[in-house]
Every structure is written in C-alpha cells, then in structure tokens.
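For reference, positions follow the sequence shown, starting with 1. Just so you know, ligand 1 is whichever comes first in the structure, and atom 1 is the first atom listed for that ligand. All values below come from the heavy atoms of this structure, side chains included, with hydrogens, waters and symmetry mates left out.
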Amino acid sequence: MSHPPSIRLGVNVDHVATIRNARGGDRPDVVRIALAAIAAGADGITAHLREDRRHIRDSDMARLKAGIAKPLNFEMAATAEMQGIALATKPHAVCLVPERREELTTEGGLDAAGQYNALAPFIAKLNDAGIRVSLFIAADPRQIEAAAKLRAPVIEIHTGGWCDAVVEDDKEKADAEWRRIVEGAALAKSAGLEVHAGHGLDYATAETIAALPEIVELNIGYFMMGEALLVGVAETVRTMRAAMDRGRATLKIRTA
Ligand SMILES: CC(=O)[C@@H](O)[C@H](O)COP(=O)(O)O
Ligand SMILES: NCC(=O)COP(=O)(O)O
C-alpha cells in the first residue's frame, strides 16, 4: 500500500485583524488566535499584509514571527516595499499574490507568465535569503510552467472560483473548475513544484481537495474565522483537520 504525503493545514488569521480594526486597539489579538490554532493542530499560520493595510499590520507580522513556533506564511504583493518587510521579517515562506485596492478579496491568480521579467529577480532575492517562495496562481498550464521556470519552489492554486461555484450550486462551473485544479496539480507536481491550495475553502471543499495526492498544504482563513465565532478556534481547527484527514484517507483506500 502506498502512502501519499500528509497534508498540512495553514490557518489564515487576516480576519481576526479585520474584527480588531473595526474599533482600533489590540483586541482580538492576532497572535493569541494564532497560538490557539496551533495548539489545536494547525501546522502553520498565514497572514496577508496588504498594501492598504486593511487588516494585518506590519507589527502583526513581526509579532507573529516572534510569537509562534510553527511556520509563518507571509502573503504579499510583489512590490519593493513588501520585499523589504519580508527580508526584515524572515518568515518561513512568502506567497506572492496579485492585489487590487478595489477588490474585496484576492480575485484572481498572479500573472506569473506576464510578469516574468519583473518576478525573476524578485523571487531570486527571496530564494537567496532562504525564504521559501510560493506563487498564488490559477490552475492554468501557462502560469504553472512560468512558475517552474521562475524557480519558485511552490505554487498555491487559487481555489476561489471552484469554491464559489460549489457554494452557488453551479454544477457545470464547479466541475469545470475542479477538472482544472486536478490537471493543474498533476502538471505542477510533474514540473517539480510543491503544490498548495487555498481560497474560499470550507469543510466540504477542504475534504474533497485533500484527496488530491499532489497537494501537501491548504491555507484556509475566512470560513474558519466565521466558524470560530460559533464554536471557537480550537473546535474549528479540529473539525477542519478531521475533514482533511477524511479526504486523505479516501486516497489511501484508492491507492491501496
Ligand atoms: C491570497 C489569498 O487568497 C488570501 O489568503 C488572501 O489573504 C485573501 O485576501 P483577504 O484575506 O484580504 O481576503
Ligand atoms: N491563500 C489562501 C488563504 O490564505 C486563505 O484564504 P481564505 O480561506 O481566507 O479565502
């Protein structure tokens, strides 16, 4: 019986900061929630320092790096300002994401192919600093091939379109998006990339995607923080972990 690699859960704490910023001040504390998530089984913490600082602040990133013993995944736009902050913070990983100020959330993937010449030296500098670089891209062969050529060791597949279609019960769109993810994950793995996924995942979609053997990490935030309001952070992390493990177990049965 072959065993697929286990799958890690990164908990995104952006929206703890959204609530905190509604009144300013320091509560709820992002680091305290991150520690509660880790104590309940999270393998790492993700936070997105947006250029407009709408949720996570510079000081949150510094405090997360100092305060947690698990990997910190620093999501950011590929700008000189963010690169300077990342190099000073020295997180375990940087995930490069596209940003538009008007957007409610990250609507699409990074155009790694179109921005190849600007991204190559940007990624090389982070690689040289020992920071694991991940590119947040659509499951599009052109973008995956560009990511491999750019020498980013990791991609994170944007699952937002698939998750929205599942929630909206648009079966045709959900099936098409799912096929793109399945094929994209296989292509990325065969190109030597480590494959992560995230955006919009809930218990059901996390369970489904955990069954893909190429995917070794899911980053999940918005849904989990909403659930945490109802049942607490620890219970939410345990339930998500159990959903992912159920998905992975399906795969073990299929590959036995
Ligand atoms: C890049 C990504 O998909 C998310 O992790 C990101 O953090 C979304 O941005 P918001 O948290 O601002 O919605
Ligand atoms: N990169 C995706 C992530 O960190 C979390 O996205 P979401 O679950 O908040 O949509």
Is [X] salt-bridged to [Y], going by a charged N under 4.0 Å from an acidic O?
X    : Y   : answer
R241 : D43 : yes
D60  : R20 : yes
E103 : R50 : yes

Please state which protein non-hydrogen atom is closest to [atom] and give its distance, to 0.1 Å?
atom                   : result
atom 6 (O) of ligand 2 : H199 CA, 3.6 Å
atom 8 (O) of ligand 2 : G221 N, 2.7 Å
atom 5 (O) of ligand 1 : E75 OE1, 2.6 Å

With a cut-off of 4.0 Å, which atoms of ligand 1 are near a heavy atom of [X]?
X    : value
T105 : 8 (C), 9 (O), 10 (P), 13 (O)
H199 : 2 (C), 3 (O), 4 (C), 8 (C)
D14  : 6 (C), 7 (O), 10 (P), 11 (O)
V97  : 1 (C)
H55  : 10 (P), 11 (O), 12 (O)
N12  : 5 (O), 7 (O)

> Does any donor atom in the side chain of N12 or T46 lie under 3.5 Å from an acceptor atom in the other side chain?
Replying inline: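 Absent: no donor and acceptor within the cut-off.
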>> Could you check whether E99 and H48, counting side-chain N and O atoms only, form a donor-acceptor pair closer than 3.5 Å?
In response: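 Result is yes, a qualifying pair exists.
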With a 4.0 Å heavy-atom cut-off (strictly under), which part of [X] contacts ligand 2: side chain, backbone, both or neither?
X    : result
H15  : neither
N219 : both
M224 : neither

Give yes or no for whether the N/O distance cutoff of 3.5 Å, strictly under, is met between [X] and ligand 2.
X    : answer
G200 : yes
N12  : yes
L201 : no

> Is there side-chain contact between E107 and E102, with heavy atoms separated by less than 4.5 Å?
Replying inline: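 The answer is no, as the side chains (C-beta and beyond) never meet within the 4.5 Å cut-off.
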Residue [X] excluded, over 12 heavy atoms near [atom1] under 6.0 Å:
X    : atom1 : value
D26  : CG    : no
Y222 : OH    : no
R57  : CZ    : yes

>> With nothing but distance in play, are any N or O atoms of R50 less than 3.5 Å from an N or O of ligand 1?
In response: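 Yes, there is a polar N/O contact under 3.5 Å.
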> Y116, V94: one ILVMFWY side-chain cluster at the under-4.5 Å cut-off?
Replying inline: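 Looking at the clustering, V94 is in the same group as Y116.
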> Quick one: does R54 get within less than 4.0 Å of ligand 1, heavy atoms only?
Replying inline: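 R54: no contact with ligand 1 (<4.0 Å).
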> With L201, which of N219, L218, T208 fulfils side-chain contact (heavy atoms from CB on, under 4.5 Å)?
Replying inline: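 By the side-chain contact (heavy atoms from CB on, under 4.5 Å) criterion, L201 pairs with just one of N219, L218, T208: L218.
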>> Below a 4.0 angstrom heavy-atom separation, can you tell me which part of Y222, side chain or backbone, both or neither, approaches ligand 1?
In response: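 It is neither part, as no heavy atom is under 4.0 Å.
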>> Return the OG to CD distance between S134 and E217, rounded to the nearest 0.5 Å.
In response: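 Answer for the OG-CD pair, S134 versus E217, is 8.0 Å.
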> Does E75 have a heavy atom less than 4.0 Å from any atom of ligand 2?
Replying inline: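 E75: in contact with ligand 2 (<4.0 Å).
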